[in-house]
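Structure first, commentary second.
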Protein chains: 2
Amino acid sequence: MSLFLSSYENRLDTKGRISVPAPFRASVASEKFAGVVLYRSFTHNCIEGLSMSRMEQLAAATDKMGVFDSELDDLSAMLFADARPLAFDVTGRIVIPTELLKHAGITDRAIFVGRGNSFQIWNPDAFRAAQEKSLNNLRATRPNLTIV
Amino acid sequence: MSLFLSSYENRLDTKGRISVPAPFRASVASEKFAGVVLYRSFTHNCIEGLSMSRMEQLAAATDKMGVFDSELDDLSAMLFADARPLAFDVTGRIVIPTELLKHAGITDRAIFVGRGNSFQIWNPDAFRAAQEKSLNNLRATRPNLTIV
DNA sequence: AATCATTTTATGGGATTTTATGGTTTAATT
DNA sequence: AATTAAACCATAAAATCCCATAAAATGATT
């Protein structure tokens, strides 16, 4: 699976369909499941997105961490229960379930945001506000950028 | 991946295409992705450039910190959301997105500047001015570079 | 060192394909 | 029958491919 990079703003049509950006579709093109997995972000008012193979990776990781870890139990309970697998239609569109749209405050437009091994879907205005904040945080705290 | 060294000034055509200098293309020639990844510099009015493998290194680093760790959140949010994967065309050109050009003040000419494991793209005049300034700083502070 | 031949590189423009998006029709579910 | 969901068709804009050429770099041969 290749990385999810960059950001793409698309619009929802009257039926709630929205095109997953072609580069994101390309990122999962080699997988068995032609689609993505979405769930509500625990930390932001946005939707988190993954490939199915990444979801399987997470399942394997939680397995390894032990069955009796209660924190992890909560996490995986949320994650797997909430996760919605959504297949692309022929033109590469999905219909995002209403609960997810509501959680992200999305109505007629949405922005797909690359996050490396995952991505997010935001209300465009909310995203830009959040980015502004992140940039200010970065400039204030100047974390270690040497890796870049 | 071999180092990005030296500087090369090229011109943008009417479609916004610009040749990536052949030596820079050679630096990423062995990689799966035949192209580069660009994003807006956090600190300067220029564009930063990386190879895709370097980008994947960054993704792996954020993975190691835990998928739900928030420490690197701001940095990776900025970086991956802004990063544009740009494939070379047959003759080795890319089209630099308008936001990036705007951020760097580039119109019809641009200079590719080697930075070792990465590179930058500048408005040629802005770059020369910045270099002049850097040189003066160096002369004043005479920093020491420790090897290893 | 100088000439010439060959290859590579940077740049230009037209043709083709992909993509996002809208609408219509058919099938399924209640 | 009514509503919902899925499949199908259409299109304008944008991105990409393809071909052509001049300049520059390289290498070979004097």
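Reminder, nothing fancy here: chain letters follow the sequence lines and each chain counts from 1.
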Given atom CG of B/N10 and atom C1' of C/dT11, what is their separation to the nearest angstrom?
10 Å
Per the under-4.0 Å heavy-atom filter, residues of residues 19-32 of chain A near DNA chain C come out as A/S19, A/V20, A/P21, A/A22, A/R25
Measure the distance from CZ on B/R93 to P on D/dA15 and round it to the nearest whole Å.
16 Å
Any N or O donor-acceptor pair linking the side chain of A/K15 to the base of C/dT24 at under 3.5 Å?
yes
So what does B/D89 touch, heavy atoms closer than 4.0 Å: a base, only the sugar-phosphate, or nothing?
nothing
Return yes when atom NE2 of B/H44 has more than 12 non-hydrogen atoms of other residues, nucleotides or ligands closer than 6.0 Å, and no otherwise.
no
Round to the nearest Å and state the distance from A/D108 atom CG to C/dA20 atom P.
18 Å
Using a 4.5 Å cut-off on heavy atoms from C-beta on, say whether the side chain of B/L86 contacts that of B/L38.
yes
Among C/dT21, D/dC18, D/dA7, which nucleotide has an atom closest to any side-chain atom of B/R17?
D/dC18
d(CD1, A/I18; P, C/dT19) in whole Å:
16 Å
Interatomic distance where CZ belongs to A/F88 and C1' belongs to D/dA6 [whole Å]
17 Å
If you measure only the distance, is there a donor-acceptor pair under 3.5 Å linking the side chains of B/R54 and B/Q57?
yes
In whole angstroms, how far is the P atom of D/dC17 from the CG atom of B/D13?
15 Å
What is the distance from CZ of B/F112 to P of C/dT9, rounded to the nearest Å?
15 Å
Side chain to side chain contact (heavy atoms under 4.5 Å, CB included) filter on A/Y8, not counting sequence neighbours, yields A/S6, A/P21, A/P23, A/F24
Quick test of your reading of the model: are B/R40 and B/E99 salt-bridged, counting only N-O distances below 4.0 Å?
no
Looking only at side-chain atoms of A/T91, point me to the closest of D/dA10, D/dA7, D/dC18.
D/dA10
Rounded to the nearest Å, what distance is computed from the OH atom of residue B/Y8 to the P atom of nucleotide D/dA25?
11 Å
Can you find a pair of side-chain heavy atoms, one from B/L12 and one from B/L101, that are under 4.5 Å apart?
yes
Quick one, A/D89 and A/V95 - any side-chain contact, counting heavy atoms below 4.5 Å?
no
State whether the distance check finds a donor on one side and an acceptor on the other, under 3.5 Å, for side chain B/R11 versus base C/dG12.
no
